[in-house]
Novice: 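Supplied in structure tokens, the structure appears directly below.
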Amino acid sequence: MRLIIATRNPDKLREFRELLADAAAAGLTIVGAGEVPGLPEIVEDGTTLEDNAIRKAVGVHAATSEWALADDSGVEVDALGGEPGVHSAIYAGPHRDPEANNRKLLEALAGCSNRRARFRCVLALAGPGFPPATVEGRCEGVITTEPRGRHGFGYDPLFIPDGFSQTFAELSAEQKNRISHRARALRAALRAWGPLLRAAAAQATQRDSPSG
Ligand code: ITT
């Protein structure tokens, strides 16, 4: 059975492939939205991560009739009232430039001693006969005063998770994948929806087998 990851962000997709390696080894085929021809562009004008995640999952499921998992995520900074939050990708403008986003965030926090923040990831699943649902994962930490590290993507060079002295961009992919908001959301997703997806996969295998 295919699970379409309803993202056009190649870094997110890479992390999903790493995090879902066991499910893939067990027979789940992970497909990125970019590999599915003819998908509509989904407008992310929801006011919450939940809204946008559901829009993306439902949009991809409606266009393909297949199972779709979407991620809407962002960094919430306490001293900025939770911004950039749902606007994280376009914080410095519609061109979605991560370096410009990072510069703008550091400028917004210049001289500010309260640097507490969290990454939040909301995952939405949509599929045949399944009303769309969401789960969430969070990772608490602080925002640095300058970018550090070369791994990861987006705001990773600015974010130090609690319990570490390195930023997400200084940690290895394996370390980030143990504690990240996306990893935690995916663990919640597998707890909530794993049995359902395994049953759907078994049904699909039976349907597709010559004797099924
Ligand atoms: P899709 O909508 O196609 O999934 P996107 O990049 O537009 O891709 P979002 O709308 O969810 O995704 O925006 C999330 C932004 O939050 C993303 O572009 C990054 O800037 C930031 N972000 C999310 N998760 C992150 C992570 O693990 N590390 C660093 N930045 C992250």
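Just follow the structure's listing: the first ligand is 1, and inside any ligand the first atom is 1.
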Novice: For Ala124, check side-chain contact (heavy atoms from CB on, under 4.5 Å) against everything at least two apart and list the hits.
Specialist: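 Applying side-chain contact (heavy atoms from CB on, under 4.5 Å) to Ala124 gives Ala53, Ile54, Ala57, Thr134.
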Novice: Taking salt bridge (Lys or Arg N to Asp or Glu O under 4.0 Å) as the cut-off, I'd like each qualifying pair that reaches into residues 120-135, sequence neighbours left out, listed once.
Specialist: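 The answer is Glu50-Arg120, Glu76-Arg120, Arg120-Glu136.
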Novice: Pick out which of Leu20, Ile4, Leu69 makes a side chain to side chain contact (heavy atoms under 4.5 Å, CB included) with Ile30.
Specialist: Leu20
Novice: Using the ring-ring contact (aromatic ring centres under 6.0 Å, His included) rule, collect all pairs that involve residues 38-69, keeping only residues at least two apart or in two chains.
Specialist: Trp67-Phe130
Novice: Assess whether a salt bridge exists between Asp45 and Arg55, defined as any Lys/Arg side-chain N lying under 4.0 Å from an Asp/Glu carboxylate O.
Specialist: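 Yes.
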Novice: So which residues, sorted by chain and number, lie with a heavy atom under 4.0 Å of ligand 1?
Specialist: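 The answer is Thr7, Arg8, Asn9, Lys12, Glu44, Lys56, Asp71, Asp72, Ser73, Gly74, Ser88, Ala89, Arg96, Phe119, Phe153, Gly154, Tyr155, Asp156, Lys176, His181, Arg182, counting any residue whose heavy atom sits under 4.0 Å from ligand 1.
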Novice: Only one of Leu171, Leu19, Leu186 forms a side chain to side chain contact (heavy atoms under 4.5 Å, CB included) with Asn177, so which one is it?
Specialist: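 Exactly one option meets the side chain to side chain contact (heavy atoms under 4.5 Å, CB included) with Asn177, and it is Leu19.
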